[in-house]
Engineer: 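There's a structure below that I have some questions on.
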Number of protein chains: 2
Amino acid sequence: MHKAKTGARRREFLGRGFAAAGIGIMAAHHAKIAAANGGLDGAPLEVPDWTRMLGSGVTASPYGVPSEYEKNVIRRNVPWLTVSEQASVSFTPLHELDGIITPSGLCFERHHGGVPTIDPEQHRLVIHGMVREPLIFTMADLVRFPSVSRIHFIECPANGGMEWKGAQMAGVQFSHGMVHCCEWTGVRLSTLLDEAGIQAGAKWILAEGADAAAMTRSIPIEKALDDIIVAYAQNGERIRPEQGYPLRLVVPGWEGNVQVKWLRRLKLGDKPWQHREETSKYTDLMPDGTARQFTFVQEANSVITAPCPEKPLKAKGFHEIRGIAWSGRGRITRVDVSFDGGANWQTAALQEPVLDKCLTRFRLPWRWQGEQAFLQSRAIDETGYVQPTIAGLRKMRGVNSVYHKNAVHTWRVNPNGSIDNVQIL
Amino acid sequence: MHKAKTGARRREFLGRGFAAAGIGIMAAHHAKIAAANGGLDGAPLEVPDWTRMLGSGVTASPYGVPSEYEKNVIRRNVPWLTVSEQASVSFTPLHELDGIITPSGLCFERHHGGVPTIDPEQHRLVIHGMVREPLIFTMADLVRFPSVSRIHFIECPANGGMEWKGAQMAGVQFSHGMVHCCEWTGVRLSTLLDEAGIQAGAKWILAEGADAAAMTRSIPIEKALDDIIVAYAQNGERIRPEQGYPLRLVVPGWEGNVQVKWLRRLKLGDKPWQHREETSKYTDLMPDGTARQFTFVQEANSVITAPCPEKPLKAKGFHEIRGIAWSGRGRITRVDVSFDGGANWQTAALQEPVLDKCLTRFRLPWRWQGEQAFLQSRAIDETGYVQPTIAGLRKMRGVNSVYHKNAVHTWRVNPNGSIDNVQIL
């Protein structure tokens, strides 16, 4: 019976183009290893030292941490990128991650005044302006309301921005590491607005953070009534300090800057407030000198995370191309992969579940024989939007922009297996 | 337009029985708070201290940790439960968690020889016995294979076992905290068995851990060919030490004990090995003195996590009943909640996505007026299995068992808002 099942699974691989990779390649590889170990059913298996001694007990780590062997799996910053560590950014190590959930300790950080240490007992959220009744909420008040949990990506609109003019970052941690994906739990903003009562004519909401920068953005009220969450939990536990503890806005699919962290105030009004962060910053400077403003949506994007500059190819033969795709417009419907810089494309498999405004893991088997290759991925979302080329993006928006670079990315695979970050124009 | 949307959302609440809770209750509550703050649009809002100073920079925490205000959100053990901390258990703080993802640092631990410190460069996985070709894999070998990511719960079969005879644990962390839910990534075991080649007549697989206990269990090969994962990643990053770093079996829906951590060996054979952990332990002692053996599946279970003994009711009025449900047989299709100890039931809302063999978050609005209540939840899965009462479970299996207690659980709500863990027989 199990033989039948095995057969079925092998056919499944064939269907996914796995046969091209061939079981044989891997088998040859392992046979060599087995031989080096003198055959398995002869001498007994070696017993490692850690099996010969008791390990640590259950009181050793009331809150667990990664293995000491993973100490290089960390967020990293680019010292030259900002003049201060408080108005700066650290990047998610995408090359070290699998699946779609980003561990909270590795989620990229972007602050404008550093991470405040906020006492949740003292923290308040205010809703005022064009409301029937201005309200002040404690954290305990907010947790009592009907709650919702959603898994969403959050991306800084400057993700990849250093490469607009052609600069090439060292690897995927810096080229695409301003994105993460977590399960967020909180209260629908629409529930709180029902509570306060919305005055006729209210069209925008001002969101203000309690950090030293008092980060402040204007958000259309339609989005607030759609799917914005006033969130207090991240990946099951309370939000991490650098992600907005104890309270942040989660604005699904929109640029990270409007997902105001350390949220203290929401004011309703009839027009946007034209604050610094939506005039001098977080606008896209077009070739004619004008600026695209309130460009909220993070359009479809994707990147190959294995192989990548930080994870070169160490052997010929079978490799699984792995990457992540996401779209602020909804679900990812297809991801194509090219090995020749975009001349030919193959469709990758998408890991289920494929969720709305959420990272989607894609995979495609590949047999590498030592040739030079130009790896690319191209995401398509449920609206039919297709991730553009860098040339296409520059044709639309010039080279002055910093934000919303979602162009198809290229990794050059060299014959020695090393990977370079290159641009094909 | 937004008014129309608001109306639509309120109707949605009505549809979910939210109207009973009433916006009014909460509004009255907040109005009082607002008044205490002297009205919002008069004096300017108070600016807290943490907004007056720069926060910490992006190099402060390359691997982030929770806020210092969350230091009580930890795994806890029961000192009297085991004679050693190496052969012991720590419990997930379910009362502090939201959503379905368990943070890796808070996942319950169950060890039989403590947590080993394993060097992934030195670690090996062996597949031998009734195979065409015995193989030895390094971690690098395993990561090269086609991968899969799945979100699954893992539950110790002894979860709640202390209550078989009527003992009542202090709260939900100890009554139900031997369950967690993470995104696991690794290689399908069927893929590795394809590589080694299964000999005719092989029916069972022996899995052995590299810990000091050399945890060893026998697993039917049909399950291996179905959905078992040889996992190296948990919630995006490499598996935590106490969860099996660098390699563990994930056996979806089956008891935690067979999901062997620190996996070092898989041997194929034609019958189970009758190891200690499947004879003297991890069997269910029936009233007639015989033992139910190889009871792998964790049947449907659920518990209310808010309110609970650790999270009493602090005010009358609206409260959202929150809890988690899971089944080793597949998806949860319905969760009912009772306020009177099982005489009457209401159907709770299930948070999407509802996944196979995964925690499912359920919610139901409730208006508490200070009365005594007996809160229960009852899970039903896609096979039609209904979570049994404790009386029904004892009628089937007596009171000698330690494992597989999945009975409907009762929280008694007292008039002062405190919650007691009680059994209704």
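Residue numbering restarts at 1 for every chain, and letters A, B, ... go by the order of the sequence lines. Keep in mind the model is a prediction, meaning the values are calculated, not measured. Keep in mind that the numbers below use all heavy atoms, side chains included, and drop hydrogens, waters and symmetry copies.
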Engineer: Pick whichever of A/Pro120, A/Gly236, A/Gly57, A/Cys182 has the most heavy-atom pairs under 4.5 Å with chain B.
Structural biologist: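 Ranked by heavy-atom pairs under 4.5 Å with chain B, first place is A/Gly236.
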Engineer: Tell me which of these, A/Ser147, A/Gly99, A/Gly105, A/Ala213, has more heavy-atom pairs under 4.5 Å with chain B than the rest.
Structural biologist: A/Ser147
Engineer: Do the side chains of A/Asp194 and A/Arg188 get close enough for a salt bridge, i.e. N-O under 4.0 angstrom?
Structural biologist: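 No, no charged N to carboxylate O under 4.0 Å.
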Engineer: Can you tell which of B/Thr82, B/Leu106, B/Ile118 has the highest number of heavy-atom pairs within less than 4.5 Å of chain A?
Structural biologist: B/Ile118
Engineer: Under a 4.5 Å cutoff for heavy-atom pairs, which residue among B/Val89, B/Thr51, B/Leu97, B/Ile151 has the most contacts with chain A?
Structural biologist: B/Thr51
Engineer: Using side-chain contact (heavy atoms from CB on, under 4.5 Å), reason through B/Val115 and B/Asp211 one step at a time and then give a plain yes or no.
Structural biologist: CA-CA 7 Å; B/Val115 180; B/Asp211 58 322; over 6 Å; no
Engineer: Evaluate B/Lys311 against B/Glu96 for salt bridge (charged side-chain N to carboxylate O under 4.0 Å, His left out), listing each step before the verdict.
Structural biologist: CA-CA 9 Å; B/Lys311 296 285 182 181; B/Glu96 301 281 5; 3.3 Å; yes
Engineer: Counting heavy-atom pairs under 4.5 Å to chain B, which of A/Arg361, A/Gln86, A/Lys314 comes out on top?
Structural biologist: A/Gln86
Engineer: Measure the OH-CZ distance between B/Tyr232 and B/Phe145 for me, rounded to the nearest 0.5 Å.
Structural biologist: 10.5 Å
Engineer: Relative to chain A, which of B/Ala210, B/Ser88, B/Pro246, B/Pro116 shows the most heavy atom pairs under 4.5 Å?
Structural biologist: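 If we count pairs closer than 4.5 Å to chain A, B/Ala210 comes out on top.
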Engineer: When rounded to the nearest 0.5 angstrom, what is the spacing between CG in A/Asn235 and CD in A/Gln243?
Structural biologist: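 A/Asn235 atom CG to A/Gln243 atom CD measures 10.0 Å (nearest 0.5 Å).
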Engineer: Does the side chain of B/Tyr245 come under 3.5 Å of the side chain of B/Gln234 through a donor N or O and an acceptor N or O?
Structural biologist: no
Engineer: Look at A/Ser56, A/Gly114, A/Ser84, A/Ala140 and state which one has the largest set of heavy-atom pairs under 4.5 Å with chain B.
Structural biologist: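 Maximum pair count with chain B is reached by A/Ser56.
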Engineer: Which bit of B/Pro103 is near chain A, if near means a heavy-atom gap under 4.5 Å: side chain, backbone, both or neither?
Structural biologist: both
Engineer: Determine the option with the most heavy-atom pairs under 4.5 angstrom with chain A, choosing from B/Asp119, B/Val47, B/Ile100.
Structural biologist: B/Asp119
Engineer: Quick one: what part of A/Arg76 sits under 4.5 Å from any heavy atom of chain B, side chain, backbone, both or neither?
Structural biologist: neither
Engineer: Give, as side chain, backbone, both or neither, the part of A/Asp49 having an atom under 4.5 angstrom from any heavy atom of chain B.
Structural biologist: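 Contact with chain B: none, neither part.
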Engineer: Are B/His111 and A/Val58 close enough, and set up right, to give a side-chain contact (heavy atoms from CB on, under 4.5 Å), and what steps lead you there?
Structural biologist: CA-CA 8 Å; B/His111 321 129; A/Val58 294; 3.8 Å; yes
Engineer: For each of A/Ala212, A/Gly186, A/Ala196, A/Ser149, tally heavy-atom pairs with chain B at distances under 4.5 Å, and name the one with the top tally.
Structural biologist: A/Ser149
Engineer: In terms of heavy-atom pairs under 4.5 Å with chain A, which of B/Glu109, B/Glu121, B/Arg52 leads?
Structural biologist: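 Most heavy-atom pairs under 4.5 Å with chain A: B/Glu109.
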Engineer: For the residue pair A/Arg264 and B/Pro48, what are the closest heavy atoms and their distance?
Structural biologist: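 Looks like NH2-CD, 3.9 Å.
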Engineer: Between B/Gly197, B/Ser90, B/Gly113, which residue shows the highest count of heavy-atom pairs closer than 4.5 Å to chain A?
Structural biologist: B/Gly113
Engineer: For B/Thr117, check side-chain hydrogen bond (donor to acceptor under 3.5 Å, both in side chains) against everything at least two apart and list the hits.
Structural biologist: none
Engineer: Is it the side chain or the backbone of A/Asp98 that comes within 4.5 Å of chain B heavy atoms, both, or neither?
Structural biologist: both
Engineer: Looking at A/Thr102, A/Val148, A/Asn77, which has the largest count of heavy-atom pairs under 4.5 Å with chain B?
Structural biologist: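 Of the candidates given, the most pairs with chain B belong to A/Val148.
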Engineer: Show every donor-acceptor pair shorter than 3.5 Å between a side-chain atom in residues 60-67 of chain B and any protein atom, with sequence neighbours excluded, or say none if there are none.
Structural biologist:
unit_1, atom_1, unit_2, atom_2, d
B/Ser61, OG, A/Arg75, NH2, 3.2
B/Tyr63, OH, B/Glu237, OE1, 2.7
B/Tyr63, OH, B/Glu237, OE2, 3.2
B/Tyr63, OH, B/Arg240, NH2, 2.8
B/Ser67, OG, B/Tyr69, N, 3.0

Engineer: Do A/Arg322 and B/Thr185 meet the criterion of a side-chain donor-acceptor pair at a distance under 3.5 Å?
Structural biologist: no
Engineer: Please classify the contact of A/Arg110 with chain B as side chain, backbone, both or neither, using a heavy-atom distance under 4.5 Å.
Structural biologist: neither
